[in-house]
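First up is the structure itself, then whatever we jot down about it.
Quantities reported herein were computed from a predicted structural model and do not represent experimental measurements. Each chain gets a letter, A, B and so on, in the order its sequence line appears, and its residues count up from 1.
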Amino acid sequence: MNSIEKSGKTIEEAVDLAIEELGVTHENIEYEILEEPSKGLFGLFGGKMARVRVTVKFKDPIAVAKEFLEQVFNTMKLEVFIEKMSQEDAIVLNLRGDDLGLLIGKHGQTLDALQYLCNLAANKNAEQRVKIIIDVEDYRKRRAETLSRLALRLADKVRRRGDRIVLEPMNPHERKIIHMALQNDRRIVTYSEGDEPFRKVVIALKK
Amino acid sequence: MKELIEVIAKSLVDHPEEVSVMEETDNHTMVYKLHVATEDMGKIIGKQGRIAKALRTVVKAAAIRENVKVMVEIV
């Protein structure tokens, strides 16, 4: 439902009614006046209601995401250059600048939090959801490489010793990297166990 | 810090004009009381407090830089 028509005593009233029904804010709409209200004779006869068509203006999620990040960095007094890259299923915003370690945090916690908030803000008034990945100086890329190497090394150990290995807790994205790294290994299975946020990947021999 | 909380909160809610942040000091800790419209509470707290947690994580990172201890309360 992108566009609706409403009537009211005044134009403002008609617009407000439409906004309420659409569940949006004033900034996110545009309206067209279909009929001007008129009082009619002595305010009694032949009075006409105002009629408007209100349309929701969707915003480009990537532009909103960039604006969100710029505002956040502004208040943090950080000078950050945002570099946009496209992936098959997501948009990557890679941040470059001095002293951005604080944006990563312990095990990328701050980066994940910022990414989560940015996705919420960007997709709030979007017509179609866009997945936004935020990276700092290729941190995620390097972390993915480290995790893949770790997976291969541990799989090797499992093959030699036969015992299963339980990794440290990871978020869904990092667990996926481990699973993917070993998915073509014929002798190894991987699965996750435990509950978020302590879910862990297990590497074991295929029975 | 106050501006940072405002920027994030305003980007998430439907009624940004009703977002306000009060700053208080309590024993070397800066306490920020974030107020949003009642209908927007869910948008700032999230399922199992996930959004509130993310907000606090980002604010804490900013606090490290300014060398202060912070707390964000949603009121």
[X] [atom1]: over 12 foreign heavy atoms closer than 6.0 Å:
| X | atom1 | result |
| --- | --- | --- |
| A/M85 | CE | yes |
| A/E193 | CD | yes |
| B/E17 | CD | yes |
| B/Q48 | CD | no |
| B/K47 | NZ | no |
| A/E20 | CD | no |
| A/Y31 | OH | no |

Approximate separation, where rounding is to 0.5 Å, of [X] [atom1] and [Y] [atom2]:
| X | Y | atom1 | atom2 | result |
| --- | --- | --- | --- | --- |
| A/Q71 | B/E6 | CD | CD | 11.0 Å |
| B/I64 | A/T110 | CD1 | OG1 | 6.5 Å |
| A/F68 | B/L12 | CZ | CG | 6.0 Å |

request  = Go through the atoms of B/K60 and report whether side chain, backbone, both or neither lie under 4.5 Å from a heavy atom of chain A.
outcome  =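 The answer is neither part of B/K60.
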Under 4.5 Å from any heavy atom of chain A - which part of B/R50 = both
Under a 4.5 Å cutoff for heavy-atom pairs, which residue among [options] has the most contacts with chain B?
| options | answer |
| --- | --- |
| A/V64, A/L103, A/L102 | A/L102 |
| A/L111, A/L120, A/N74 | A/L120 |
| A/E67, A/Q109, A/K124, A/K77 | A/K124 |

message = For the interface with chain A, which of B/L4, B/T57, B/V7 has the highest count of heavy-atom pairs at distances below 4.5 Å?
response =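 Top count of heavy-atom pairs under 4.5 Å with chain A: B/L4.
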ask   = So which heavy atom on A/A113 is nearest to which on B/A54, and how close?
value = CB-O, 3.6 Å
